[in-house]
Enquirer: 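Here it is, the structure, as structure tokens.
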Number of protein chains: 2
Amino acid sequence: MPEKAFLPHIAYDSVIFGFSDGDLKILIMEYHNTGLFALPGGFVRADENLNDAVLRGLHERTGLTDIYLEQFYTFGDVSRFEPELMRTLLEANGIRPDEGYQWMLDRFISVAYYALINYEDVTPKPDALSDSCEWYPVNELPKLILDHRNIVEKAIQTLRDNLDRKLVGGNLLPKKFTMNELQNVYEAILGTKLRRTTFQRKMLAAEVLVRHEKLFSGKAHMAPYLYSFK
Amino acid sequence: MPEKAFLPHIAYDSVIFGFSDGDLKILIMEYHNTGLFALPGGFVRADENLNDAVLRGLHERTGLTDIYLEQFYTFGDVSRFEPELMRTLLEANGIRPDEGYQWMLDRFISVAYYALINYEDVTPKPDALSDSCEWYPVNELPKLILDHRNIVEKAIQTLRDNLDRKLVGGNLLPKKFTMNELQNVYEAILGTKLRRTTFQRKMLAAEVLVRHEKLFSGKAHMAPYLYSFK
DNA sequence: CCTTATTGTCTCAGTTTGTGACAATAGTAA
DNA sequence: TTACTATTGTCACAAACTGAGACAATAAGG
């Protein structure tokens, strides 16, 4: 990792949302031998678009290429600067700062993105510095380093704000889904229960859904239609 | 301007909105002896919060301290990198890159903010590299350097999206204003005419306005009330 | 064939929004 | 003083939208 390969002082962090078991979840990494948890993030190559750097990182973590991705804020407070913490992370990986990693101890400004992916499509992969990369329900996050907790809060807030405006919830589901599954996603994001009939009416009126065949679950009741987004 | 005073590779640009003569306007700077126009921007000191750097720059350009300011996007494409352009700017000011300004020729990622200010409160001041800092209607902008045109477009789009959600239009007016003036601001931002009675009803129902005395303009008709925001 | 859980649709009331009407000014002109 | 004009604050009515429940139509299982 030669110093000049990356832009110094600039990082990105990604809040990767998934949905399973009725919970909104995000991917969290745990660093080797430290018990420290953090958002997946990375650096920008000197000849690489910022957005492409994030997509590259996301691909490495999830294996996915077509990802719904949105930049939502850039965090630039001086209080982000904690060289002792970074030194701990590096040393826990047997890396000495004087081996060309000095730049990682500098102050960083971080551009934050959130991604929406289909939980089923992914087997999370840790990076070189991490033991694990795992899903955590947003209500049961471990303590995170730096201002990462703050980043998550702002990601959720932005996602809520955009939910109706951009009708973006479907990106957390498989291509085909039932109206009830879509409603569960909305409820998990908003943190409130919604009325079934009102939700269905609003979604159908938005004219963004295509109705497909019915889904027979084997249960003793009327089978729901499957839908996909146009 | 010693190199280590500022974070390299990181800049900010600000889209400073004002309102006069029925037009939405922004501040544009013209660089010395070049005919090049750009958004007001600057760099972040090594020990300064990103947001504070922007407020500092805004204060230098406008003299104002209490400013409505919002970060809206960070531009990080490689295509922003145009060292010849920056060299031209520096040389037109009699500055040689080898005098400690080499870092300004590097690739920059720019965090973009928009500000809403009261046009009447401001006498724009150019910075060291500029001949002028002047208001331009958003529909009559000169050709801007780099991706600044793009930044302006995104600022306007964000402002439109936030207009109803945050009831933010009043920041472009003096403390006290008439309902008609507020409507004119909204129309200039949205680029559409609004219905007088509907607009008035919505604003009053939002319970964010305080009604004051009437404003007598000397014209031959009923005088409107003055309002301020709570 | 009867029961049960869930779904798609409809209804009805309550609320919000679009649209025009209208009286109340604050001046000017006769 | 008395018309006359332009603009404002408010109301009235219809249209559209939303909340809340009702209900018939399933898809199994017993």
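Every chain is numbered from 1 and lettered A, B, ... according to where its sequence line falls, protein lines coming before strand lines.
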Enquirer: Of the candidate nucleotides C:dG8, D:dT18, D:dG9, which contains the atom at the shortest distance from the side chain of A:Thr198?
Expert: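 Ranking C:dG8, D:dT18, D:dG9 by closest atom to the A:Thr198 side chain puts D:dT18 first.
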Enquirer: From CZ of A:Phe216 over to C1' of C:dT7, roughly how many Å is that when rounded to an integer?
Expert: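 Rounded to whole Å, this separation is 12 Å.
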Enquirer: Can you tell me the distance, in whole Å, between the CG atom of A:Leu215 and the C1' atom of C:dT6?
Expert: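 That distance rounds to 13 Å.
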Enquirer: Select one nucleotide: of D:dT10, C:dA26, C:dG8, the one nearest the side-chain heavy atoms of B:Ala223.
Expert: C:dA26
Enquirer: For the side chain of B:Arg160 and the backbone of B:Ile189, is there at least one donor-acceptor N/O pair under 3.5 Å apart?
Expert: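 Confirmed, B:Arg160 side chain pairs with B:Ile189 backbone.
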Enquirer: Has the side chain of A:Arg211 got a donor or acceptor atom sitting under 3.5 Å from an opposite partner on the base of C:dG8?
Expert: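 Result: no qualifying N/O pair found.
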Enquirer: Base of C:dG20, side chain of B:Arg195 - is there a donor-acceptor contact under 3.5 Å?
Expert: no
Enquirer: All N/O contacts under 3.5 Å from nucleotides 3-5 of chain D to the protein, with atom names and distances to one decimal?
Expert:
from	atom 1	to	atom 2	distance (Å)
D:dT5	O2	B:Ala220	O	3.1

Enquirer: For B:Lys202 and B:Lys214, find the nucleotide of DNA chain C closest to each by heavy atoms; which residue's nucleotide sits nearer the 5' end?
Expert: B:Lys202
Enquirer: Pick the nucleotide of DNA chain D nearest each of A:Thr197 and A:Gly218; which residue has the one closer to the 5' end?
Expert: A:Thr197
Enquirer: Look at the side chain of B:Arg201 against the base of C:dG18 and say whether a donor-acceptor pair falls under 3.5 Å; ignore hydrogens and angles.
Expert: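 Donor-acceptor pair under 3.5 Å: yes.
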Enquirer: Measure from the side chain of B:Arg196, starting at C-beta and using heavy atoms only, and say which of D:dT7, D:dT18, C:dC22 lies closest.
Expert: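 Closest of the options to the side chain of B:Arg196: C:dC22.
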Enquirer: To the nearest Å, how far apart are A:Met222 CE and D:dC23 C1'?
Expert: 12 Å
Enquirer: Without decimals, in angstroms, what is the distance between A:Tyr227 OH and C:dT7 P?
Expert: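 Those two atoms, OH and P, are 11 Å apart.
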Enquirer: Measure the spacing between CG of A:Asn118 and CG of A:Asp66 and express it to the nearest 0.5 Å.
Expert: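 So the gap between those two atoms works out to 13.0 Å.
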Enquirer: Using the ring of each side chain (for Trp, its six-membered ring), is B:Phe43 parallel, tilted or perpendicular to B:Phe6, with breaks at 30° and 60°?
Expert: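 Aromatic pair B:Phe43/B:Phe6 classed perpendicular.
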Enquirer: For the residue pair B:Tyr186 and B:Phe199, categorise the inter-ring angle as parallel (less than 30°), tilted (30 to 60°) or perpendicular (more than 60°).
Expert: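 Rings of B:Tyr186 and B:Phe199: perpendicular, over 60°.
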Enquirer: Quick check for you: to the nearest 0.5 Å, what is the distance between B:Leu50 atom CG and B:Gln71 atom CD?
Expert: 6.0 Å
Enquirer: Return the value, rounded to whole Å, for the distance between atom CD of A:Gln200 and atom P of C:dG8.
Expert: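 After rounding, the gap between these two atoms is 5 Å.
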Enquirer: For the pair made of CG in A:Asn180 and P in D:dT26, what is the distance, rounded to whole Å?
Expert: 20 Å
Enquirer: Nearest to the side chain of B:Leu204, which nucleotide is it out of D:dT10, C:dT9, D:dA27?
Expert: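 My answer, after comparing the listed nucleotides, is D:dT10.
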Enquirer: Would you mind reading off the distance between A:Met203 atom CE and C:dT9 atom C1', rounded to a whole angstrom?
Expert: 18 Å
Enquirer: Rounded to the Å, how far apart are B:Leu226 CG and D:dG9 P?
Expert: 10 Å
Enquirer: Does a side-chain N-to-carboxylate-O contact under 4.0 Å join B:Arg45 and B:Asp52?
Expert: no
Enquirer: For A:Thr158 and A:Asp161, does a side-chain donor sit closer than 3.5 Å to a side-chain acceptor?
Expert: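 Note: A:Thr158 and A:Asp161 side chains miss the donor-acceptor criterion.
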